[in-house]
Amino acid sequence: MVSVLVLGAITVLSVVMLRVLARFLRQPKPLQAVQPARQIESLPQTMGASEVEGYTPDFSRVNHNPTRALPALLGPKDVMVKVHASSINPIDLAISRSYGRVLLNEVRRRSGFPADGKELPLVLGRDCSGAVVATGQDVTKFEVGTEVWATPALYRQGCHAEFAVMGEGEIALKPKNLTHTEATAIPYVAMTSWKALVDNAGLNANTTPGKRILITGGSGGIGTFSIQMLKAWGGHVTTTCSSGAVKLVEGLGADLALDYSRENLDETLKSEPKFDVVYDTVGNETSKSYINLLKERQNSTYVTIRTPLLSGLDKHGFYVGILVGGATWAKSALSQYLSHGRRYRWAIVSPNSDALQTVTEMVEDGKIKPVIQQTFPLVESKAAYQKLAEGHSRGKVIIEVIKAGKKSDCAIYTEKDS
């Protein structure tokens with residue numbers, strides 16, 4: 001009986017997903033360059049930028065271009081930011097290898113952005129910290145000169161450049177107690193975790209106290225941020241990491257840090273009280289099995305940022321990929337809910353200016369500190385990508401467009417030469 005219900009629900013949900021997305025994509029909103037309503041006295045015509053000239057597995061077509069054309073505002077709510085620093089996230093490396101190309105090109109094409117190869121050369125970088133230098137006529141929250149941090153949408157050109165353009169809804173005020181280099185370590189990982197933990201798992205300052213949360217991969221950018229946010233909200237946090245990162249995550253507040261290479265890891269986790277939330281930032285088969293560590297029939301949630309949706313679209317094409325993705329999600333979600341009362345969620349990051357502003361306030365209150373592993377100048381972006389690709393992260397890898405001055409006391413640097 002359960003299998004029949006699951007099959008029926010899979011079919012219905014897949015069709016609904018397909019129809020909703022198809023309806024959205026039939027309503028394109030072409031974008032055209034617009035003149036800034038307000039800007040600094042003089043903007044250059046060109047800029048330095050790190051460019052992906054073609055999709056390859058090894059960054060062989062990543063190069064620095066000192067004379068890339070300055071990006072244009074594409075709507076009345078757009079903002080141009082002079083980038084001081086930008087971080088590198090795993091999604092940047094994945095996109096450089098053509099991950100997500102089907103969905104991203106569909107959105108670009110329907111939104112009036114260059115697509116289907118015309119987006120190249122592509123600028124990566126999903127977050128930045130800098131200052132506003134130009135705004136569209138309908139921008140009301142930010143004045144020219146305002147210091148901001150941001151998470152541009154995935155389909156836009158990115159921030160590994162001297163200037164970047166994004167929507168007003170993708171920006172918030174930068175924390176005053178951080179340098180730009182320190183600030184840019186946070187926005188993308190913050191919005192990823194907000195989507196996972198707040199929007200999908202239902203955690204916030206009011207609901208988190210007393211909740212038990214397991215985070216896989218606690219020493220990377222997402223893990224180091226999430227541990228601090230959840231501890232600030234009163235949660236009990238267990239995390240997995242390498243042996244060399246145990247002290248780091250414990251210093252961030254983790255109640256229990258477990259070396260993922262230890263032979264008895266699974267037994268240790270099973271001996272712990274059941275969890276209210278499992279936040280999977282790794283996505284391997286071992287971490288997927290941790291759904292079984294959740295409480296049963298108590299609104300517990302397994303949420304992962306490693307979804308098969310984008311890779312499925314790349315493999316099967318847009319419409320078939322939506323059906324396959326819907327079926328994959330529904331099979332796991334419904335079987336877990338019907339059998340154990342657990343919720344299974346995929347989290348796909350999206351910009352959220354209000355959430356980012358909340359994070360600004362938490363940083364300024366000393367509740368969250370950026371964790372930085374290493375910094376690189378913009379002209380050495382390829383080396384920075386290679387650094388992140390090595391794995392075993394201890395915080396974020398940062399690209400400095402404008403070198404920061406003295407480090408603040410409100411950030412954690414995990415490598416002495418950073």
Side-chain angles (χ1 to χ4, degrees), residues 189-190 192-243 245-307 332-333 335-347 355 358-359 362 367-369 371:
V189 297
T192 300
S193 293
W194 195 276
K195 176 60 68 173
L197 296 171
V198 179
D199 294 345
N200 282 280
L203 298 177
N204 56 49
N206 296 320
T207 62
T208 304
K211 294 288 178 66
R212 292 179 49 80
I213 303 103
L214 170 63
I215 301 173
T216 64
S219 66
I222 290 173
T224 54
F225 172 84
S226 299
I227 290 169
Q228 295 180 85
M229 182 175 74
L230 293 171
K231 290 305 298 179
W233 287 347
H236 183 285
V237 178
T238 297
T239 190
T240 61
C241 59
S242 66
S243 59
V246 168
K247 288 185 178 180
L248 169 64
V249 298
E250 288 179 340
L252 296 174
D255 297 281
L256 179 62
L258 299 172
D259 177 3
Y260 60 67
S261 65
R262 61 191 291 181
E263 292 182 1
N264 64 340
L265 175 61
D266 288 349
E267 289 74 15
T268 301
L269 286 170
K270 289 176 182 177
S271 69
E272 289 289 308
K274 295 288 187 178
F275 295 96
D276 297 284
V277 175
V278 172
Y279 181 22
D280 177 16
T281 74
V282 177
N284 59 26
E285 291 304 314
T286 299
S287 59
K288 289 177 183 177
S289 71
Y290 292 160
I291 194 170
N292 297 313
L293 300 174
L294 288 169
K295 297 174 180 177
E296 294 194 20
R297 308 196 186 283
Q298 297 183 48
N299 292 319
S300 60
T301 304
Y302 171 94
V303 57
T304 180
I305 60 172
R306 305 292 185 179
T307 79
S332 297
S335 63
Q336 280 293 327
Y337 187 77
L338 293 173
S339 300
H340 304 285
R342 298 167 176 148
R343 298 182 297 178
Y344 175 89
R345 297 285 189 268
W346 290 349
T358 298
V359 175
M362 294 182 74
K367 296 176 180 178
I368 296 174
K369 293 184 176 182
V371 182

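Counting only residues at least two apart or in different chains, salt bridge (Lys or Arg N to Asp or Glu O under 4.0 Å) contacts with residues 246-262 comprise K231-D255.
In this structure, the separation between CG on D280 and CG on L214 is 9.0 Å, given to the nearest 0.5 Å. Between the CG atom in D276 and the NZ atom in K295 there is a gap of 3.5 Å [rounded to 0.5 Å]. Taking NE2 from H340 and CD from Q298, the interatomic distance works out to 14.0 Å, rounded to the nearest 0.5 Å. Within the model, atoms CZ of R297 and OH of Y337 stand 8.5 Å from one another, a figure rounded to the nearest 0.5 Å. L252 CG to M229 CE: the interatomic distance, rounded to the nearest 0.5 Å, is 13.5 Å. In this structure, OG1 on T238 lies 4.0 Å from CZ on F275, to the nearest 0.5 angstrom.
Heavy-atom minimum distance, N204 versus T208: O-OG1, 2.6 Å. The minimum heavy-atom distance between A201 and L197, with the atom names listed, is CB-O, 3.4 Å. Closest of all the heavy-atom pairs between K195 and A347 is CG-CB, 4.0 Å. Residues T224 and L248 come closest through the heavy atom pair CG2-CD2, 4.4 Å. Across all their heavy atoms, R342 and L294 have their closest contact at NH2-O, 3.2 Å. Shortest non-hydrogen contact noted between A205 and P209 is O-CD, 3.5 Å.
A side-chain contact (heavy atoms from CB on, under 4.5 Å) with Y279 holds for exactly one of I305, L230, N200, T304; it is I305. The side-chain contact (heavy atoms from CB on, under 4.5 Å) with V249 is formed by just one residue from the set I227, V237, I215, V371; it is I227.
Contact check for E272 versus R212: side-chain heavy atoms found under the 4.5 Å cut-off. Counting heavy atoms from C-beta outward, D199 and W194 have side chains that approach closer than 4.5 Å. A heavy-atom distance below 4.5 Å is found between the side chains of W233 and V198.
F225 is linked by a ring-ring contact (aromatic ring centres under 6.0 Å, His included) to nothing, counting only residues two or more places apart in sequence or in another chain. Not counting sequence neighbours, K211 has no partner by the salt bridge (Lys or Arg N to Asp or Glu O under 4.0 Å) test. For R306, the salt bridge (Lys or Arg N to Asp or Glu O under 4.0 Å) criterion is met by no residue, not counting sequence neighbours. When the side chain to side chain contact (heavy atoms under 4.5 Å, CB included) test is applied to N284, the partners found at least two apart in sequence or on another chain are V282, T286, S287. Not a single salt bridge (Lys or Arg N to Asp or Glu O under 4.0 Å) links E267 to another residue, sequence neighbours left out.
Looking only at distances, a side-chain donor or acceptor of T281 sits under 3.5 Å from a matching main-chain atom of T216. Without hydrogens or angle criteria, T207 side chain to G202 main chain gives a donor-acceptor distance under 3.5 Å.
Using a 3.5 Å distance cut-off with no hydrogens or angles, the side chains of Y344 and S335 do not pair a donor with an acceptor.
In the displayed structure, K367 atom NZ is contacted under 6.0 Å by at most 12 heavy atoms of other residues, nucleotides or ligands.
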